[in-house]
Amino acid sequence: MVFSGIRMNNEAMEAYETFKSPNSSISFLIFKFTDDFGKIIVANQGEKHHNETRAIQDRNTEKSYHEFVQALSVMKESAYGVCHLHNKTIFVSWLPEGCSAKQKMFLASSQEGVVNSMGSYISKRLRACSIAELEMEDILLFLNKGNVGR
């Protein structure tokens with residue numbers, strides 16, 4: 001595959017480094033392309049719901065995951081997203097119906113570079129074109145059993 005060479009800007013990389021930190025207040029990040037497709041920038045980020053016990057932590061990550069999916073659902077253009085769910089980090093390539101062929105091309109050609117810049121922190125990667133593909137039950141199966149349907 002040919003890589004586009006489009007990289008995340010400094011602010012996006014700094015936000016991602018903060019997201020990776022165990023004490024981070026960021027629960028998810030959504031990245032998009034600049035209008036000229038020259039850089040990848042932060043489009044949205046979520047705030048963590050602080051917790052005390054493991055059970056509360058799991059419920060809070062599920063709540064944050066729902067907020068992540070909601071934030072993706074309003075994106076009308078291709079995007080990347082990362083979020084935590086049950087102590088795993090999910091990387092999503094978002095290709096909503098109706099996005100242009102150019103957006104699809106840039107998303108596909110820059111994905112490996114983006115994932116590589118994130119290092120080994122990503123637990124699972126998936127591609128979604130609709131919210132239905134991001135249902136919590138399916139994603140939990142995907143996280144726990146591998147590439148179920150992905």
Problem set entry | ring-ring contact (aromatic ring centres under 6.0 Å, His included) assessment of Phe37 paired with Phe106 | CA-CA 8 Å; Phe37 291 93; Phe106 276 100; 4.6 Å; yes
Exercise. Under 3.5 Å, side chain of Glu133 to main-chain N/O of Cys129, donor-acceptor pair present?
Worked result: yes
For this session: Taking the side chain as every heavy atom from C-beta outward, state whether Glu11 and Ile41 have any atom pair closer than 4.5 Å.
Result: no
Exercise. Just wondering, do Lys20 and Glu17 contact through their side chains at under 4.5 Å, heavy atoms?
Worked result: yes
Exercise. What pair of heavy atoms forms the shortest contact from Pro96 to Met75, and how long is it?
Worked result: CG-O, 3.7 Å
For this session: Check Lys104, Arg127, Gln111 against Ser93 for a side chain to side chain donor-acceptor pair (under 3.5 Å) and give me the one that passes.
Result: Gln111
Problem set entry | Closest contact, heavy atoms only, Ile26 versus Ala15 | CD1-O, 3.9 Å
For this session: Give a yes or no answer on whether the side chain of Ser78 reaches the backbone of Trp94 with a donor-acceptor pair at less than 3.5 Å.
Result: no
For this session: Could you grab the distance from atom NE2 of His66 to atom OG of Ser73, nearest 0.5 Å is fine?
Result: 12.5 Å
Exercise. If you round to the nearest 0.5 Å, how far is CD1 of Ile90 from OH of Tyr65?
Worked result: 5.5 Å
Exercise. Side-chain contact, heavy-atom cut-off 4.5 Å: Ile139 with Leu126?
Worked result: yes
For this session: Decide whether a cation-pi geometry holds between Lys124 and Phe142; the criteria are a distance under 6.0 Å from NZ or CZ to the six-membered ring centre and an angle within 45° of the ring axis.
Result: yes
For this session: Would you kindly say whether Asn23 and Ser21 are connected by a side-chain donor-acceptor distance under 3.5 Å?
Result: no
Problem set entry | Tyr16 versus Met8, closest heavy-atom pair with distance | CB-CE, 4.3 Å
Seminar exercise, completed: Ile40 and Ala12 have their tightest heavy-atom pair at O-CB, 3.7 Å
For this session: Could you grab the distance from atom CD of Glu135 to atom CG of Leu141, nearest 0.5 Å is fine?
Result: 12.0 Å
Exercise. What distance do Lys76 atom NZ and Glu97 atom CD have between them, rounded to the nearest 0.5 Å?
Worked result: 11.0 Å
Exercise. Are Ser110 and Tyr80 close enough that a side-chain donor and a side-chain acceptor fall under 3.5 Å?
Worked result: yes
Exercise. Does a side-chain N-to-carboxylate-O contact under 4.0 Å join Glu112 and Arg125?
Worked result: yes
Problem set entry | Close side-chain approach of His86 and Glu62, heavy atoms under 4.5 Å | yes
Exercise. Taking the side chain as C-beta and beyond, is there a heavy-atom pair between Leu85 and Leu140 under 4.5 Å?
Worked result: yes
For this session: Please check if the distance between the ring centroids of Phe19 and His84 is under 6.0 Å.
Result: yes
For this session: Check step by step if side chain to side chain contact (heavy atoms under 4.5 Å, CB included) holds for Leu107 and Phe33.
Result: CA-CA 9 Å; Leu107 189 86; Phe33 296 99; 4.1 Å; yes
Problem set entry | For Val114 against Ser117, the heavy-atom pair lying closest together | O-OG, 2.7 Å
Problem set entry | Contact summary for Val92 and Ala128, nearest pair of heavy atoms | CG1-CB, 4.4 Å
Problem set entry | The single option from Leu72, Val82, Val42 passing side chain to side chain contact (heavy atoms under 4.5 Å, CB included) against Ile30 | Leu72
Exercise. Side chain of Lys88, backbone of Leu143: donor and acceptor closer than 3.5 Å?
Worked result: yes
Exercise. Would a distance-only check, ignoring hydrogens and angles, find a side-chain to backbone donor-acceptor pair under 3.5 Å from Ser64 to Ser27?
Worked result: no
Exercise. At what distance, to the nearest 0.5 angstrom, does SG of Cys83 lie from CZ of Phe68?
Worked result: 4.5 Å
Problem set entry | Gln103 side chain vs Glu77 backbone, donor-acceptor pair below 3.5 Å | no
